[in-house]
Amino acid sequence: MTITSPHLGSSKVWTDAQLLYALEEVVEKELNRHLKVAKDWMPHEYVPFSDGRNFSGVFEDGEAWESSQSKVTDIGRIALVVNLLTEDNLPSYHHEIASLFGRDGAWGTWVHRWTAEEGRHGIVMRDYLLTSRAVDPDKLEQFRMAHMAEGFESDNRHSMLHSVAYVAFQELATRVSHRNTGHQSGDPVCDRMLARIATDENLHMVFYRNLLGAAFELAPDLTMQSVRDVVVDFRMPGHGMPGFERAAAQMAIGEIYNMRIHHDDVIQPVLRYLKVLDIDGLGPEGLKAQEEIGLYMSGLDREASKFDEKLAARKARRAARADA
């Protein structure tokens with residue numbers, strides 16, 4: 001099956017400003033759709049405040065944190081810290097997309113709405129972690145200060161179209177990470193909270209995915225190149241936080257986020273929904289980018305299979321030791 005756009009083959013050179021204007025109507029449509037289906041929710045309703053008590057410090061009755069106080073599994077704790085620190089950099093994310101997308105019209109309304117919804121995620125996660133004593137509060141604050149002091153600059157800040165392509169995949173990656181963290185947390189309260197957050201992230205993904213689809217209709221070659229660049233060099237926004245590499249490796253082994261999940265549950269679904277590899281009639285640069293996406297996905301699948309084999313062998317060794 002091939003998908004052919006009436007605009008394919010156009011030699012028009014698009015600037016960011018022209019694309020922003022051309023996509024404004026689509027943004028308004030997607031914003032209205034989002035507002036109809038999104039449900040407001042209260043962060044405090046997902047936090048077990050009755051479990052809370054004072055930490056050691058200025059309170060005389062405060063109690064020092066110990067890992068035994070946590071209901072959350074070790075891998076759940078690691079992933080929760082990574083997920084929360086990622087959410088903490090919201091001011092930097094807002095600054096970047098507001099600079100790229102603007103603060104006026106439908107674009108501006110979306111930017112502020114998205115920021116407000118994302119703000120809930122950081123609120124509820126921090127309240128849950130501290131109230132349930134799931135993490136060391138001192139280390140969590142030290143990590144937050146270090147991470148936010150570094151700020152955040154996206155690999156795609158040079159281009160509005162690259163940024164749209166990136167968030168189409170990144171929002172889905174965040175949804176998957178939150179959902180899997182909930183499953184692995186060992187605490188039904190945590191699982192319920194992260195399921196609520198994941199629902200928001202999925203709606204954000206749909207907004208950007210549909211916007212990316214409209215960009216393919218307008219500027220297929222340029223959009224294909226942007227998707228190629230994003231997919232091949234994809235990094236999660238939390239990559240600059242303290243200890244991220246070690247935490248990411250532990251999350252991969254813990255099946256919260258790894259190459260197989262990245263391929264099957266994040267990149268492939270967006271490419272398949274938009275039929276990216278089936279678009280026909282591209283110019284030379286667009287065709288080259290499309291071919292490179294296909295080659296990259298084949299390579300990623302092979303690497304994911306190797307990881308699957310290593311993970312299965314690791315599980316087998318652990319099971320054998322447990323039976324011994």
Side-chain angles (χ1 to χ4, degrees), residues 79 82-83 85-87 89-90 92-93 96-97 100 114 118 147 150-181 198 201-202 204-213 215-216 222-241 244-277 279 286 288-308:
V82 169
N83 291 350
L85 291 179
T86 300
E87 300 285 357
N89 251 338
L90 181 60
S92 290
Y93 308 149
E96 184 161 300
I97 66 170
L100 282 167
W114 175 88
E118 289 288 347
H147 188 40
E150 287 293 322
F152 173 80
E153 287 189 338
S154 168
D155 298 328
N156 305 288
R157 61 188 181 279
H158 63 287
S159 161
M160 182 278 291
L161 193 52
H162 277 75
S163 294
V164 169
Y166 174 73
V167 289
F169 295 100
Q170 180 267 320
E171 292 284 3
L172 182 53
T174 304
R175 172 200 175 275
V176 169
S177 180
H178 281 311
R179 200 69 193 94
N180 289 342
T181 298
E201 302 290 8
N202 195 65
H204 297 165
M205 179 276 294
V206 170
F207 178 95
Y208 287 118
R209 183 195 64 191
N210 292 351
L211 190 58
L212 185 61
F216 267 115
L222 195 59
T223 305
M224 188 68 73
Q225 293 171 72
S226 298
V227 170
R228 182 265 321 275
D229 295 343
V230 164
V231 167
V232 171
D233 296 321
F234 185 87
R235 294 195 297 175
M236 290 293 276
H239 61 79
M241 69 180 59
F244 178 77
E245 290 78 10
R246 176 176 173 79
Q250 292 170 310
M251 290 168 67
I253 293 172
E255 298 182 87
I256 288 175
Y257 201 94
N258 54 41
M259 280 191 290
R260 174 53 62 197
I261 293 170
H262 184 63
H263 178 279
D264 290 1
D265 299 338
V266 177
I267 304 298
Q268 192 73 278
V270 176
L271 295 180
R272 184 168 54 243
Y273 183 89
L274 296 176
K275 299 180 173 63
V276 170
L277 298 181
I279 293 176
K288 177 184 177 184
Q290 186 184 51
E291 292 172 347
E292 289 174 350
I293 293 170
L295 289 172
Y296 176 80
M297 291 302 292
S298 296
L300 179 62
D301 186 43
R302 288 193 297 271
E303 290 301 312
S305 295
K306 292 178 183 178
F307 175 83
D308 291 341

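Predicted model only: the values in this text are computed from it and were never measured. Only heavy atoms go into these numbers, but all of them, side chains included; no hydrogens, no water, no symmetry mates.
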Ionic contact status for K306 with E303, cut-off 4.0 Å: yes
Residue pair Y273, N210: steps toward the side-chain contact (heavy atoms from CB on, under 4.5 Å) verdict: CA-CA 10 Å; Y273 183 89; N210 292 351; 4.0 Å; yes
Side-chain touch E171/W114, heavy atoms, less than 4.5 angstrom: yes
Listed partners of Q225 passing side-chain hydrogen bond (donor to acceptor under 3.5 Å, both in side chains), at least two apart: none
Value rounded to 0.5 Å, distance of CG in L212 from CG in L161: 7.0 Å
S92 and E96: side chain donor to acceptor below 3.5 Å: no
Audit row: N258, M251, side-chain contact (heavy atoms from CB on, under 4.5 Å) steps and yes/no: CA-CA 7 Å; N258 54 41; M251 290 168 67; over 6 Å; no
Side-chain heavy-atom pair L274, R209 within 4.5 angstrom cut-off: yes
Closest contact, heavy atoms only, I293 versus V227: CD1-CG1, 3.8 Å
Min side-chain heavy-atom separation D233-D155 under 4.5 Å: no
Heavy-atom side-chain proximity of H158 to S163 below 4.5 angstrom: no
Side-chain donor or acceptor of Q170 paired with backbone N/O of M236 under 3.5 Å: no
Side-chain heavy atoms of V232 within contact of E292, under 4.5 Å: no
Flag if over 12 foreign heavy atoms under 6.0 Å of CD, Q268: yes
Main-chain N/O of T86 paired with Y93 side-chain donor or acceptor, under 3.5 Å: yes
Ring centroid separation Y208 to F169 under 6.0 Å: no
Donor-acceptor under 3.5 Å (S177 side chain, A173 main chain): no
With D229 via side-chain hydrogen bond (donor to acceptor under 3.5 Å, both in side chains) - residues at least two apart: H162
Aromatic ring pairing H239/F244, orientation class (parallel under 30°, perpendicular over 60°, tilted between): perpendicular
Closest heavy-atom pair and its distance - Y166, R235: OH-O, 2.6 Å
Where A247 and V82 come nearest, the two heavy atoms and their spacing: CB-CG2, 3.6 Å
